[in-house]
Asker: 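I'd like to ask you about the structure that follows.
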Amino acid sequence: MTESQVNLTTAATAIKPGRVGFSLHRVWIIGLNTFTESMRQKVFNILLIFALVAISSASFFTEFTFSEQLKFMKDFCLGAVSVFGTLIAIVGTAQLLPNELENRTIYTILAKPVRRLEFILGKYIGMALLLFISVLMMSLMLGAVLKIKEARMVMVAQQGVDQASTPDAREAAEGDLAQIRADTADLDIIKGIILIFIKLSLLAAITLLISTISTSMIFNVAVAFMVFFAGHLRSAATEAWAHHKIWLALLAILPDLGAFNVADDINLGNLIPWQHVGLVAADGLGRIVIILIATHLIFAKREI
Amino acid sequence: MNAICTKNLTKKYALGWRQGRLLALDSLNLQVNDGEVYGLLGPNGSGKSTTLKLILGLISRTDGDAWVFDVPCDKVQSRLHVGFLPENPYFYKYLTGMETLEFYGRLCGMRGAPLQKRINELLELVGLTRARDRRLAGYSKGMLQRIGLAQAMIHDPKLLLLDEPTAGVDPIGSRDIRDMILRLKNMGKTVLLCSHLLEQVQEVCDRIGVLNLGKMILEGNMETLIRDQRRLTFTVQDLSDSARAQVEATVRAAGGQVLSVAHPQTTLESLFLDALKKDERGMGHHD
């Protein structure tokens, strides 16, 4: 301590005496800190791998028609957004509370006038922000790769139009060109991305709930992945166990994660109505709220 | 008003399936007065950290009550005026010293220029000004302890709870932290200090309590407790052998017993610090 001639001012702007109410400001500070910490742990490096996957997907399936190539690309890349996002959501969230305990930071934060609800919500919001930025960056990369692919295919199709020797061939080439433009202008991929983001936020909430019960990161990750797989199998299991009421009741607790995947519909060229997106999103958001309430109730009683 | 007051504070930990419960703290009645430095001593597992956690509301009590400045400990507002340095803190490794203090300051409702001023002062006070922009992953143990002390003081709390503040810190750092505690005392702050370094506790504490197996086995004023009423010590300088024999004879003639006559030893701490001071290259730096 370099010689203590430092004059300390009293922290006049610190907390005013009296009741300490719930503060969204503190939630945001904890959230932003969680986001910064995750970002500096180089979580975004995983996005570089995504970029490679997206770019290389543009050179796959070239033996198919223009339209099929675009569909496969969207399907493949949406799948990749989902896989990389799931890794970030589960592994990133599973380590939040164990790290807080290991580094003793949870003690220093909760020793300040901070409510446990503010702490746990802040941790969740930080992770949701990380997922949002990750999905946004992957979507931008996907959009850019699609644009480049479109430009290349338009160029090839245009050559086909220019070099067509018969009116029929010319008509077919113009049809190709129109189809490429229609396929790339299709906004269903945005619906797919919105649903993936909500699915990832739901997975993060589930993982946070698990980590308020267990302090082992490996356990948290393992259980979260089990819920992830079970959630994807839910609709199939519901059909198989249609006559077993107890099983059906248990299955109802599980989120139907398969419902968030619309890549197959995009691939098949099915229209995805906004109403469907809205219903699935509302189900996901409702579950997130319920899970966060449960997380708070458990965390409020937890011995730290 | 007491800074801390506990009545029959008891904590039992569940040990797991069919293993019963461990009594970690047994009916503790503790009173820490406003403005004093209180040392809570005891071997490992005696209940010191449990006491701190109960006071901070981090764990729930099994029985009894606890208050901080007359506010029950399970209320968030009981922590308005409390700063806490946990044992072996690591903090957020990817934040710099400056960002760490900003984070804790903002959590306490501070912002803008007053917060920056306070951070600069605290960094200067704990000797980390030059390491302010370095990430905590690169901080030494002593530096982490210093930034921990600064975060505990960021909102200018009236009460500081320090759990082993000098654990793993070198003698110079340890002395600095001791000076810091004395300085806090002069500023009118209340400090509850848990430490194994008895010598240091003796130097800074007004009162101490000794815990063993969850029970307070000794408590009182430091001066009174350590004073041996039956024995006296004279320290004299430049006394000839004959004069010394005369003194001893006088003591015996008066019915006293001479228990020991020896040259006092300096402490290892003084020896170490003197050696460093004499070194022409100057003292080691922490940042």
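Chain A is the first sequence line, chain B the second, and so forth, proteins listed ahead of strands; every chain is numbered from 1.
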Asker: Using a 4.5 Å cut-off on heavy atoms from C-beta on, say whether the side chain of K112(A) contacts that of Y104(B).
Answerer: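 Y104(B) vs K112(A): side chains touch.
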
Asker: Indicate the atoms forming the closest heavy-atom contact of P89(B) with R104(A), along with that distance.
Answerer: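 The answer is CA-CG, 4.0 Å.
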
Asker: Output yes when a side-chain donor or acceptor of R79(B) lies under 3.5 Å from a complementary backbone atom of L110(A), and no otherwise.
Answerer: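 Here the side-chain-to-backbone pair exists.
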
Asker: Most heavy-atom pairs under 4.5 angstrom with chain B, which of I106(A), N99(A), I30(A)?
Answerer: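 Looking at each option in turn, the highest pair count goes to I30(A).
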
Asker: Under 4.5 Å from any heavy atom of chain B, what part of Q41(A) do you find: side chain, backbone, both or neither?
Answerer: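 Both the backbone and the side chain of Q41(A) come within 4.5 Å of chain B.
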
Asker: Checking heavy atoms, do the side chain of L32(A), its backbone, both or neither come under 4.5 Å from chain B?
Answerer: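 When you check distances to chain B, no heavy atom of L32(A) falls under 4.5 Å.
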
Asker: Check F91(B) against T105(A) and note the closest heavy-atom contact, atom names and distance.
Answerer: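 Between these two residues, the closest heavy atoms are CA-CG2, 3.4 Å.
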
Asker: Please determine whether the number of non-hydrogen atoms from other residues, nucleotides or ligands lying under 6.0 Å from atom OH of Y13(B) exceeds 12.
Answerer: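 Enclosed.
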
Asker: With a 4.5 Å limit on heavy-atom distance, are the side chains of V114(A) and V76(B) in contact?
Answerer: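 In short, these two side chains do not touch, never coming nearer than 4.5 Å.
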
Asker: Is the shortest heavy-atom distance from the side chain of F103(B) to the side chain of I29(A) under 4.5 Å?
Answerer: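 A side-chain contact exists here, since the closest heavy-atom pair is under 4.5 Å.
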
Asker: Find the distance between CG (N103(A)) and CG (L136(B)) and round it off to the nearest 0.5 Å.
Answerer: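 It is 10.0 Å, given to the nearest 0.5 Å.
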
Asker: Tell me, for R302(A) versus chain B, whether the close heavy atoms (under 4.5 Å) come from the side chain, the backbone, both or neither.
Answerer: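 Backbone only.
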
Asker: Please look at K93(B) and chain A and tell me whether the side chain, the backbone, both or neither of the residue comes under 4.5 angstrom of a heavy atom of that chain.
Answerer: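 For K93(B), heavy atoms of backbone and side chain both lie under 4.5 Å from chain A.
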
Asker: Where does E99(B) contact chain A at under 4.5 Å (heavy atoms): side chain, backbone, both or neither?
Answerer: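 The answer is the side chain of E99(B).
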
Asker: How far apart are the closest heavy atoms of T108(A) and P86(B), and which atoms are they?
Answerer: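 In this case the closest contact between T108(A) and P86(B) is CG2-CD, 3.5 Å.
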
Asker: Does CG belonging to L15(B) count more than 12 external heavy atoms closer than 6.0 Å?
Answerer: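 Result for CG/L15(B): enclosed.
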
Asker: Between the main-chain N or O of S60(B) and the side-chain N or O of E303(A), is there a donor-acceptor pair closer than 3.5 Å?
Answerer: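 Judged by distance alone, yes, a pair lies under 3.5 Å.
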
Asker: Looking at K141(B), I'd like to know if its NZ atom is crowded, meaning that more than 12 non-hydrogen atoms belonging to other residues, nucleotides or ligands lie closer than 6.0 Å.
Answerer: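 Atom NZ in K141(B) is crowded, with more than 12 foreign heavy atoms closer than 6.0 Å.
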
Asker: Under a 4.5 Å cut-off applied to non-hydrogen side-chain atoms, are K53(B) and Y107(A) in contact?
Answerer: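 A side-chain contact under 4.5 Å exists here.
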
Asker: Just wondering, more than 12 heavy atoms not from F219(A) lying within 6.0 Å of its CZ?
Answerer: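 Open.
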
Asker: State, with a plain yes or no, whether a side-chain heavy atom of I304(A) is found less than 4.5 Å away from one of I59(B).
Answerer: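 SC-SC contact between I304(A) and I59(B) ruled out.
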
Asker: Under 6.0 Å from the NZ atom of K185(B), do we count more than 12 heavy atoms belonging to anything else shown?
Answerer: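 Enclosed: over 12 neighbouring heavy atoms sit under 6.0 Å from NZ of K185(B).
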
Asker: Is a side-chain donor-acceptor pair under 3.5 Å present for E100(A) with Y92(B)?
Answerer: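 The answer is yes; a qualifying pair exists.
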
Asker: Taking the side chain as everything from C-beta on, heavy atoms only, tell me whether R40(A) gets closer than 4.5 Å to R135(B).
Answerer: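 Result yes, sub-4.5 Å side-chain heavy-atom pair found.
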
Asker: Measuring from atom CG of L107(B) to atom CD of E118(A), what distance do you get when rounded to the nearest 0.5 angstrom?
Answerer: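 One finds 8.5 Å between CG of L107(B) and CD of E118(A).
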
Asker: For the residue pair N33(A) and L95(B), establish whether any side-chain heavy-atom pair is separated by less than 4.5 Å.
Answerer: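 Heavy-atom side-chain distance check passes, below 4.5 Å.
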
